[in-house]
Structures are given as C-alpha cells and as structure tokens.
Colleague: 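So that we are looking at the same thing, I have put the structure below in structure tokens.
Computed from a prediction, not measured in an experiment: that's the story for all the values here. Quick note: numbers below take in every heavy atom, side chains included, and nothing from hydrogens, waters or symmetry partners. Reminder, nothing fancy here: chain letters follow the sequence lines and each chain counts from 1.
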2 protein chains.
Amino acid sequence: MYTRKIKENLDCGILVAAKVFGGKWKLCVLDAINRGFVRPADICRYIDEASPRVIEMQLAELLFFGVIEKCAEDVYPKKTEYKLTALGESILPLLTQMDKWGTAHSEFIKERQRELEESQSV
Amino acid sequence: MYTRKIKENLDCGILVAAKVFGGKWKLCVLDAINRGFVRPADICRYIDEASPRVIEMQLAELLFFGVIEKCAEDVYPKKTEYKLTALGESILPLLTQMDKWGTAHSEFIKERQRELEESQSV
DNA sequence: ACAATACCCGAAAAAAGATTCGGTAGGGAT
DNA sequence: ATCCCTACCGAATCTTTTTTCGGGTATTGT
C-alpha cells in the first residue's frame, strides 16, 4: 500500500474537502451514483473515459471516508450497489454548483485552452 | 514547456471547474487574495506550506484563465498586485461552501485519516 | 463444459504535479 | 560595494496519482 512521504495538512476546510473529493474522478463517480448508476459496472460504463480500475479505487476511498455505502455485500449473485450516505448527500449542492460554474464558463475556458495548445504546438 | 500526453476532456462542467481551480494550492491562493494578501510575497508568506515557486506557477495559471489579473506591471519598484476578476469573484461562493463543508466535517475526516495511518504503520 | 459477465485486487509503469535549486534583474538601505 | 528584498523563470528531481496489465473468484446463459 502506498504511504505518503509528505505529511498532509488538513488544517483548513478547503484542504479537508480536497482530500475527500479531490481525485480526478471522485466527483464524477458521485454524480454517476446520484444519477442512478449505482452498480460498479454501470458506473464504469457511464464514465467510460476512466479505467475501471481507477473507479474501483475511487469507490474504495469514498467508501472509506463514509461518503458512500455499499449494499448487498453477501448476496449471490453479486449485485453490489453503492449509495450516497448523508455525508455524501451533503456534497451534492457543491457538486451542482461546481457543475453549473463549469458549464457556464465552459466556452470561455475551452477557448483559452485551445489558445494554449496552439501556442505550444508551434 | 510541458505538454500533456493524455487528451483532456472538458465535456462536463465538473471537469471544467476542476481544470480551472483543481491544483493543490489554487483555491488557497484565491482565498489569500480574497483576504487581502494581494502581492506575491505576501501570498507566499500567508501560504507558507507551499514553495514560492509553486505559488508563482499557480498564479500564472489563474492569470491565464482570467480568474485573477495583475496590476502595476511596469512600475518600479515592482509592486505587483493581483486581484480577482469577475470570473474569480464568481468562484468565491464555491470556495466558501467548500470551506464550510470541510470545516463542518473536519473532525470526522481527520479521525478516519488517523485510522488509516495507524493501520498502515502496523 | 464453455464463454461471458461482474466484482475485486496487486503491482509495475506512465503521466502529472509539486518541489528544489539556481539564476536573472531591478530597487533600496547601510 | 555589499546585502537584502521583490518578482520571475528554466530545468532537474522527487512525489503522487492515474493507468495499464494481469490475476482471481463467482454467477449466468448457452
């Protein structure tokens, strides 16, 4: 298991929040679950840009921090389902706001990004 | 100059937002500027956990994406000041909400983190 | 029995991100 | 002249994160 070399600082709220949902795909996973894609294979299909492995890992972390919970663990056939806990639900407003912000400024940011890429390729 | 190897996807709002303020210190820098630490040296002293270099780099990125702007560029002695643009201001509510969330759940998350560290050190 | 699917996990490799180091350049004070 | 401060930047290095690859177990449909 990987252990950090640099000590983490969780002294301010922003850093705590970043710790919990700061991974590349964590918010996407929460979004997927929120939209009803609750089984691992469904989430993977929904977020097909990410590798299944990374989604598993992010699910594991979200589970560890109590943001989601796992159901039907010992039922066969395995029909694992994840759902948001109260803590997870409390993130939704933030998720929504971030999504709104990003969508609202999407064109502007994309345009800047294009410029950057062009200047690099020359 | 560094160019990414994996193509970026900015198709959903969350990914756009993550792109703009997803760095390790970006939100901290915005917070610092918002609190009145507007000169590079001041920001560095305020966020003394981060190296000055990384703060410069994050400032450059925030500048590039139009989240902050730079004043007094050609005045000597150099008294560079950064301030939030309208776009930057529009992030503040999110910043506040994230900080609130993190602060509210700080103890719980820290406790989980402690457990994780203990289990690793055994 | 066989193939396909779901779920989960370890470990190496690749990529991205952060940090350190050293340097430039100008201003101000002693 | 020397020293310290501010601002900035390139490049090597180190750390962290993500990805890829391969494996394992169990179930379902044919």
Colleague: For DNA chain D, find the residues of residues 21-31 of chain A with a heavy-atom distance under 4.0 Å and give them by number; none if there aren't any.
Modeller: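 Those residues are Gly23(A), Lys24(A), Trp25(A).
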Colleague: Can you give me the closest heavy-atom contact between Leu15(B) and Cys28(A), atom names plus distance?
Modeller: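 The answer is CD2-SG, 4.0 Å.
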Colleague: Would you mind reading off the distance between Asp42(A) atom CG and dA6(C) atom C1', rounded to a whole angstrom?
Modeller: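 Interatomic distance, CG of Asp42(A) to C1' of dA6(C): 10 Å.
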Colleague: Over how many whole Å does the gap from Lys5(A) atom NZ to dA18(C) atom P extend?
Modeller: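 Spelled out: NZ on Lys5(A) to P on dA18(C) is 17 Å.
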Colleague: How close do Val20(A) and Trp101(B) get, counting heavy atoms only, and between which atoms?
Modeller: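 Between these two residues, the closest heavy atoms are CG1-CH2, 4.0 Å.
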Colleague: Does Tyr82(A) place a side-chain N or O at less than 4.0 Å from the phosphate oxygens OP1/OP2 of dC7(C)?
Modeller: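 No, outside the criterion.
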Colleague: Between Tyr2(A) and dA12(C), does any side-chain N or O lie under 4.0 Å from OP1 or OP2?
Modeller: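 Result: no.
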Colleague: Can you list the steps and then say if Asp31(A) with Tyr46(A) is a side-chain contact (heavy atoms from CB on, under 4.5 Å)?
Modeller: CA-CA 10 Å; Asp31(A) 180 53; Tyr46(A) 181 62; 3.5 Å; yes
Colleague: Starting at NZ of Lys7(A) and ending at C1' of dC14(D), how long is that distance when rounded to a whole Å?
Modeller: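 After rounding, the reported distance stands at 19 Å.
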Colleague: Determine, for Phe64(B) and Arg112(A), whether the Lys NZ or Arg CZ falls below 6.0 Å from the six-membered ring centre while staying within 45 degrees of the axis.
Modeller: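 The answer is yes, since Arg112(A) meets both limits relative to Phe64(B).
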Colleague: Strictly below 4.0 Å, heavy-atom distances to any atom of DNA chain C: list the hits from residues 43-68 of chain A, or just say none.
Modeller: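 Here the set is Arg45(A), Arg53(A), Glu56(A).
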Colleague: Using atom CD of Glu8(B) as one end and atom C1' of dT17(D) as the other, report the distance to the nearest whole Å.
Modeller: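 In whole Å, dT17(D) C1' lies 15 Å from Glu8(B) CD.
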Colleague: Specify the closest pair of heavy atoms between Leu10(B) and Val16(B), including all atoms of both residues, with the distance to one decimal.
Modeller: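 That would be O-CG2, 3.5 Å.
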Colleague: Nearest 0.5 Å, what's the CZ-CD1 distance between Phe21(A) and Ile91(A)?
Modeller: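 Between atom CZ of Phe21(A) and atom CD1 of Ile91(A) there are 5.0 Å.
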Colleague: For residues Ile47(B) and Ala32(B), report the shortest heavy-atom separation together with the two atoms involved.
Modeller: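 Closest pair (atom of Ile47(B), atom of Ala32(B), distance): CD1-CB, 4.4 Å.
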Colleague: Give the C-alpha distance, both sets of side-chain angles, the deciding distance and a yes or no for salt bridge (charged side-chain N to carboxylate O under 4.0 Å, His left out) between Arg53(B) and Glu56(B).
Modeller: CA-CA 5 Å; Arg53(B) 184 71 179 106; Glu56(B) 278 164 31; 3.2 Å; yes
Colleague: Before you tell me yes or no, could you show the steps for Glu117(B) and Arg114(B) under salt bridge (charged side-chain N to carboxylate O under 4.0 Å, His left out), namely the whole-Å CA-CA distance, both residues' side-chain angles and the distance that decides it to 0.1 Å?
Modeller: CA-CA 5 Å; Glu117(B) 276 160 18; Arg114(B) 265 192 298 274; over 6 Å; no
Colleague: Strictly below 4.0 Å: does Thr80(A) bring a side-chain N or O up to OP1 or OP2 of dC8(C)?
Modeller: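 Answer is yes, contact under 4.0 Å.
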Colleague: For Arg4(B) and dT19(D), give me the distance from atom CZ to atom P, rounded to whole Å.
Modeller: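 Spelled out: CZ on Arg4(B) to P on dT19(D) is 10 Å.
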Colleague: So if I take every side-chain heavy atom of Ile6(A) and compare against dA7(D), dC7(C), dT16(D), which nucleotide ends up nearest?
Modeller: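 Given the options dA7(D), dC7(C), dT16(D), the side chain of Ile6(A) is closest to dT16(D).
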Colleague: Just the rounded figure in Å: distance from P of dT5(C) to NZ of Lys79(A).
Modeller: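 Roughly 17 Å, once rounded to whole Å.
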